[in-house]
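In this text, all values refer to a predicted model and were calculated from it rather than measured experimentally. In what follows, every heavy atom counts, from backbone to side chain, and hydrogens, waters and symmetry copies are set aside.
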Amino acid sequence: MIDVKGIKKSFGSLEVLKGIDLHIDKGEVVSIVGPSGAGKTTLLQIMGTLDKADSGSVVIDGVDVGSLSSKKLSDFRNQHVGFVFQFHQLLPEFTALENVMIPAFINGKGRSAAKERAMELLDFMGLKERASHKPNELSGGEKQRVAVARALVNNPAVIFADEPSGSLDTKNKQELHQLFFDLRDKFGQTFVIVTHDEELAKITDRTIHLKDGMVTSPNAK
């Protein structure tokens with residue numbers, strides 16, 4: 001599903017990633033953990049096509065993303081990759097429903113189809129009654145669930161999440177973590193999650209440990 005081979009990345013003289021090899025299967029919920037500065041977010045951004053490696057390859061669903069032109073890469077990202085960040089990054093002037101629909105519009109879907117898919121997801125998230133509310137009218141947990149729905153709207157092959165529960169209280173954190181597994185069970189969704197949250201790492205299918213830009217244990221629970 002995802003094959004990462006020989007990924008290296010430096011910023012100036014600082015070598016952040018030193019040759020990363022990984023394989024992630026479809027439907028896996030995988031966490032990436034490690035100390036600050038280990039290269040977790042850099043690796044996630046390269047896997048998610050938001051940044052480019054200095055060398056190595058990333059193949060998602062059989063597509064070598066490094067071989068794509070900028071336009072094709074942008075289209076691939078919109079159609080095959082979803083993102084969830086620590087701070088939801090919802091657009092404040094739009095409702096929950098409109099925020100979820102935006103990637104579908106970018107993908108060329110008509111308003112009716114985009115709305116139907118967005119409402120299906122919001123309903124699954126328990127947010128059907130909150131669809132017309134703007135972000136400032138939603139709780140932190142609700143905002144993050146809207147962000148997850150937005151990431152899912154184009155039926156991506158994989159969702160990359162960077163500290164998705166980092167800004168949530170314990171109750172909302174637990175609900176969000178459970179949601180990832182519910183989505184995997186319902187939609188066969190693949191998740192790759194960078195986290196400092198030990199409780200989340202414990203319940204994922206697999207935990208990948210990074211230290212000093214290298215994988216130290218790719219298969220440990």
Side-chain angles (χ1 to χ4, degrees), residues 1 24 26-32 44 48 50 77-197 199-205:
M1 199 299 184
I24 294 167
K26 179 175 174 54
E28 269 198 298
V29 180
V30 175
S31 56
I32 300 176
L44 196 79
L50 295 175
R77 186 185 304 123
N78 174 253
Q79 294 165 13
H80 299 279
V81 179
F83 297 96
V84 180
F85 302 99
Q86 179 173 353
F87 301 103
H88 50 81
Q89 297 187 347
L90 301 178
L91 297 175
E93 66 270 31
F94 295 108
T95 65
L97 176 61
E98 290 165 341
N99 267 282
V100 176
M101 291 168 68
I102 288 170
F105 289 150
I106 295 171
N107 194 25
K109 285 191 174 69
R111 183 172 184 83
S112 178
K115 183 176 181 180
E116 181 180 355
R117 171 65 174 161
M119 284 303 298
E120 175 194 9
L121 289 167
L122 288 173
D123 188 24
F124 184 81
M125 308 285 173
L127 294 172
K128 187 176 181 180
E129 304 305 318
R130 309 290 277 166
S132 62
H133 289 65
K134 292 186 176 179
N136 65 358
E137 301 172 306
L138 302 173
S139 70
E142 288 172 336
K143 290 174 189 175
Q144 201 61 311
R145 279 183 279 154
V146 172
V148 174
R150 178 183 58 189
L152 285 162
V153 74
N154 286 334
N155 298 301
V158 58
I159 288 182
F160 295 104
D162 193 357
E163 298 288 358
S165 56
S167 62
L168 301 179
D169 60 31
T170 300
K171 179 177 182 294
N172 281 306
K173 188 179 292 190
Q174 290 172 345
E175 289 178 354
L176 182 68
H177 296 169
Q178 183 57 50
L179 177 63
F180 294 148
F181 291 92
D182 293 344
L183 289 165
R184 188 268 299 278
D185 294 342
K186 182 173 176 63
F187 300 115
Q189 188 62 58
T190 306
F191 285 90
V192 181
I193 307 166
V194 161
T195 185
H196 280 105
D197 191 299
E199 294 305 312
L200 174 56
K202 284 178 183 175
I203 62 174
T204 54
D205 299 325

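In this structure, CG on L122 lies 10.5 Å from NZ on K128, to the nearest 0.5 angstrom. Here Q174 contributes atom CD and L179 contributes atom CG; the two are 13.5 Å apart, rounded to the nearest 0.5 Å. With rounding to the nearest 0.5 angstrom, the CG atom of L183 is 7.0 Å from the CD1 atom of I159. Once rounded to the nearest 0.5 Å, the distance linking CG of L121 with CG of L127 reads 10.5 Å.
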Evaluation steps, side chain to side chain contact (heavy atoms under 4.5 Å, CB included), between I24 and T190 | CA-CA 9 Å; I24 294 167; T190 306; 4.0 Å; yes
Open item on the list: Determine whether K173 and D197 satisfy the following criterion, side chain to side chain contact (heavy atoms under 4.5 Å, CB included), listing intermediate values before the conclusion.
Closed with: CA-CA 10 Å; K173 188 179 292 190; D197 191 299; 2.9 Å; yes
### Message
I'd like to know whether F94 forms a side chain to side chain contact (heavy atoms under 4.5 Å, CB included) with M101, so could you lay out the CA-CA distance, the side-chain angles of the two residues, the decisive distance to 0.1 Å, and finally the verdict.
### Response
CA-CA 10 Å; F94 295 108; M101 291 168 68; over 6 Å; no
Take D205 and F181, measure what side chain to side chain contact (heavy atoms under 4.5 Å, CB included) needs, and give me the verdict at the end. CA-CA 10 Å; D205 299 325; F181 291 92; 4.3 Å; yes
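Closest heavy-atom contact between A118 and V100: CB-CG1, 3.6 Å. The minimum heavy-atom distance between L44 and A161, with the atom names listed, is CD2-O, 3.6 Å. The two residues N78 and P103 have their closest heavy-atom pair at ND2-O, 3.3 Å. The two residues S31 and A201 make their nearest non-hydrogen contact at OG-CA, 3.6 Å.
Distance alone, capped at 3.5 Å, places no donor-acceptor pair between the N99 side chain and the V146 backbone. Looking at E175, its side chain never comes within 3.5 Å of a backbone N or O of G141 through a donor-acceptor pair. Remark: the backbone N or O of P156 is not paired with any side-chain donor or acceptor of Q79 at under 3.5 angstrom. A donor-acceptor distance shorter than 3.5 angstrom exists from the side chain of E98 to the backbone of T95, with no hydrogens or angles considered. Panel note: side chain N107, backbone N154; no donor-acceptor pair is recorded below 3.5 Å. Proximity of a side-chain donor or acceptor of R145 to a complementary backbone N or O of M125 within less than 3.5 Å is detected. Panel note: side chain E137, backbone K134; a donor-acceptor pair is recorded below 3.5 Å. Remark: the backbone N or O of G27 is paired with a side-chain donor or acceptor of R184 at under 3.5 angstrom.
Using modelled atom types, one finds no donor on one side chain facing an acceptor on the other under 3.5 Å when comparing E199 with H177.
The number of heavy atoms from other shown groups lying within 6.0 Å of NZ (K115) does not exceed 12. In the displayed structure, E129 atom CD is contacted under 6.0 Å by at most 12 heavy atoms of other residues, nucleotides or ligands. Heavy-atom contacts from other residues, nucleotides or ligands closer than 6.0 Å to CD of E116 number 12 or fewer.
Residues D182 and F187 are not in side-chain contact: their nearest non-hydrogen atoms beyond the backbone lie 4.5 Å or more apart. Under the 4.5 Å side-chain criterion, counting only non-hydrogen atoms from C-beta, Q144 is in contact with L176. Taking 4.5 Å as the limit, some side-chain heavy atom of P164 sits within range of a side-chain heavy atom of F180. No side-chain heavy atom of R150 sits less than 4.5 Å from a side-chain heavy atom of F83. Taking the side chain as every heavy atom from C-beta outward, I193 and V30 never approach each other to under 4.5 Å. Counting heavy atoms from C-beta on, the side chains of L97 and S132 never come closer than 4.5 Å. Between L152 and F124 there is no side-chain heavy-atom pair separated by less than 4.5 Å.
Checked against the 6.0 Å centroid threshold, F160 and F85 do not count as a close aromatic pair.
Using a cut-off of 4.0 Å between Lys/Arg side-chain N and Asp/Glu carboxylate O, R130 and E142 are scored as salt-bridged.
A search for salt bridge (charged side-chain N to carboxylate O under 4.0 Å, His left out) contacts involving R117 returns E120, not counting sequence neighbours.
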